[in-house]
Protein chains: 2
Amino acid sequence: MDSHRSLTSRAYHQIREMVLSGEIQPGSRIQIDQLRKSLDMGASPVREALSTLSSEQLVVRSEQRGFWAPDVSVEDFKNLLDTRLRVEAIAISDAVEHGDPAWEERIVMLQYRLNSLDRTEKAIEWEAAHRDFHHALIAACPSHYLVDFCMQLYDLAVRYRNIARPAAYPKRKISNEHQGIAEAALARDGDRAARLLVEHYRKTGEFLFDCLSEQDGAIKEAV
Amino acid sequence: MDSHRSLTSRAYHQIREMVLSGEIQPGSRIQIDQLRKSLDMGASPVREALSTLSSEQLVVRSEQRGFWAPDVSVEDFKNLLDTRLRVEAIAISDAVEHGDPAWEERIVMLQYRLNSLDRTEKAIEWEAAHRDFHHALIAACPSHYLVDFCMQLYDLAVRYRNIARPAAYPKRKISNEHQGIAEAALARDGDRAARLLVEHYRKTGEFLFDCLSEQDGAIKEAV
DNA sequence: TCACCCAAAAATATCGATTTTACTTACAAA
DNA sequence: TTTGTAAGTAAAATCGATATTTTTGGGTGA
């Protein structure tokens, strides 16, 4: 990729992936020296990457004491989801209002791609396509501030999805939901698109919510 | 301050101030070596600070080519303001719904402090108090994601205010507007608080909008 | 005059080593 | 026991130097 030219950006992307995937456990310490060795680079690029990640909430920095993977909690996930629903509803309405033909075509293309990929067999590609699809929906929103914020929340939500580790994905046809949202967007029905998107997130959210609560329970029992 | 213990955080705050105040001109290059000397420290803390700032949109990073102060434009300010109005309206409604006595007391206290300070004679203190006041209004919003985002947008807006350099501040009594918002919030009238807050920002926004447009005109004439 | 290429200069990116800070353990005094 | 203190250890923070990359400026040929 173009953005992996410098060691700093390689470190950024790799550490980011480790946090999002749950490979680095929530609440656990992130040691610079250890990363430095496993990534085979000096401390500077690692520190820079961690600094950047910490202002994206993907890493928590404690002055003079190092870096940590953020804690997770049902409470936090509730806030995250709730914020996302409301902000992204605004973003998609804006996008529907301002989208041009290129915006439409990209949505169509990505929806097709998403349908072509098997979620479990081609997990990496599916993840990337899913993110691209949701980005494409709101990409025509004139405020890049809003779009960037939505994608930041998207990433944090994906982390919760990975950490909740659902035994199996729900049976409801997610691709149908995607199609509904895309159709509403392309039909320039902003309200409907927003409503369906919110519903889509809320359903996924509640499913994960249950997974998380079970884990919490299991942990408490173990103690 | 507590947060200035490390060189990195000193660098962060100082560079941030330089960008927000307009001391570093929009679009101009930010040279590491120059900063390193003027701040009297090594390159590492400076780079870390710049990395952090770049993911807060206060600095633009161009891979392998260094760092720059973000460009400004009327278009961008429009987006920024518009985003802010809508997101902060949500935040203050939430805060009004969830605020506790400590939240109320802090608003009262900060409004008093703000009124006691002269905007031109005690500019630094006024700025800090103004930021604290606006933060206090939304601080009871349960989603720290939303609150943090609002404050990020607040800072970007302050940058525009500093860059627009209004010859004189408008005559309208800003403290009255603040009081109106605070009263509505304390009376638990979320809708009214949101409406007044939006109005407050929009008025300031349009005022700055004019200043910026004039500057644009002046620049074009000079060329 | 203009476009193009190459060498010198400047600036960024990175590393390895040093310094500083925070945490832990051990021990002594109350 | 509890409290306080001091030495030792581990990790982060920082620095100075080196390696890479980009930019600049001048010269050449069409």
Side-chain angles (χ1 to χ4, degrees), chain A residues 1-20 23-71, chain B residues 1-20 22-71 223:
Chain A
M1 228 184 274
D2 231 13
S3 57
H4 289 48
R5 283 263 184 62
S6 66
L7 289 183
T8 297
S9 94
R10 238 183 53 203
Y12 170 81
H13 287 284
Q14 295 204 233
I15 300 173
R16 185 171 176 281
E17 194 49 38
M18 289 190 242
V19 174
L20 290 184
E23 182 185 334
I24 300 180
Q25 288 219 321
S28 68
R29 180 171 207 157
I30 300 179
Q31 270 174 323
I32 293 172
D33 223 51
Q34 194 177 311
L35 272 177
R36 197 186 71 68
K37 281 168 193 156
S38 76
L39 297 178
D40 189 38
M41 56 180 72
S44 316
V46 173
R47 288 187 62 84
E48 263 185 61
L50 287 171
S51 295
T52 302
L53 288 165
S54 75
S55 75
E56 289 168 11
Q57 327 270 323
L58 287 174
V59 158
V60 175
R61 175 173 211 164
S62 176
E63 193 115 330
Q64 308 276 29
R65 299 189 338 108
F67 299 87
W68 313 73
D71 271 320
Chain B
M1 230 182 273
D2 231 14
S3 58
H4 289 47
R5 284 263 181 62
S6 67
L7 288 183
T8 298
S9 95
R10 237 183 54 206
Y12 170 83
H13 287 284
Q14 294 204 235
I15 299 172
R16 184 170 175 282
E17 193 49 39
M18 287 190 240
V19 173
L20 290 183
E23 181 185 336
I24 300 181
Q25 288 221 320
S28 69
R29 179 171 210 150
I30 302 179
Q31 272 173 322
I32 293 172
D33 222 53
Q34 194 178 310
L35 273 177
R36 197 186 70 67
K37 280 168 192 157
S38 78
L39 297 179
D40 189 36
M41 56 181 71
S44 314
V46 174
R47 290 187 61 83
E48 263 185 63
L50 287 171
S51 294
T52 302
L53 288 165
S54 75
S55 76
E56 289 168 12
Q57 326 271 323
L58 287 175
V59 157
V60 175
R61 175 174 211 165
S62 175
E63 191 115 332
Q64 308 278 29
R65 297 189 340 108
F67 299 86
W68 313 74
D71 270 322
V223 175

Closer to the 5' end of DNA chain D via nearest nucleotide, is it B:R36 or A:R61? A:R61
What nucleic acid atoms does A:I30 come within less than 4.0 Å of, heavy atoms only: base, sugar-phosphate, or nothing? sugar-phosphate
Atom-pair distance (CG on B:L35; C1' on C:dA11), nearest Å: 13 Å
How many Å lie between CG on A:D33 and P on C:dA17, as a whole number? 12 Å
Which part of the nucleic acid, if any, lies within reach of B:E48 when heavy atoms closer than 4.0 Å are counted: base, sugar-phosphate only, or nothing? nothing
If you only use heavy atoms from C-beta on, which nucleotide in C:dT12, C:dC15, D:dA12 is closest to the side chain of A:P45? C:dC15
How close do B:L7 and B:M41 get, heavy atom to heavy atom, and via which atoms? O-CE, 3.9 Å
Heavy-atom count check: over 12 atoms from other residues, nucleotides or ligands less than 6.0 Å from B:Q64 CD? yes
So, is B:R47 close to the C:dA13 phosphate, meaning a side-chain N or O under 4.0 Å from OP1 or OP2? yes
To the nearest angstrom, the CD-P distance between B:E63 and C:dA13 comes to 8 Å
Could you check how far CG of B:L39 sits from P of D:dC15, rounded to whole Å? 11 Å
Output yes when at least one side-chain N/O atom of B:T8 is less than 4.0 Å from OP1 or OP2 of D:dT14, else no. yes
Distance check needed: C:dT12 P versus B:L50 CG, whole Å only. 9 Å
Can you check whether B:R65 has a side-chain N or O nearer than 4.0 Å to OP1 or OP2 of C:dA11? no
Whole-Å distance separating the CH2 atom of B:W68 from the P atom of D:dT22: 13 Å
For the side chain of A:F67, counting heavy atoms from C-beta on, which of D:dC15, C:dA11, D:dA13 is nearest? D:dA13
Distance-minimising heavy-atom pair for A:R5 and A:S9: N-OG, 4.0 Å
Which residue lies toward the 5' end of DNA chain C, B:G66 or A:S44, if each is placed at its nearest nucleotide? B:G66
Taking only side-chain nitrogens and oxygens of B:Q64, does any of them come within less than 4.0 Å of OP1 or OP2 of D:dT22? no
Please give, in whole Å, the distance from C:dC15 P to A:I32 CD1? 14 Å
Can you see which heavy atom on A:E56 is nearest to which on A:Y12, and at what distance? OE1-OH, 2.8 Å
Side-chain (B:E63) to main-chain (A:S6) donor-acceptor, under 3.5 angstrom: yes
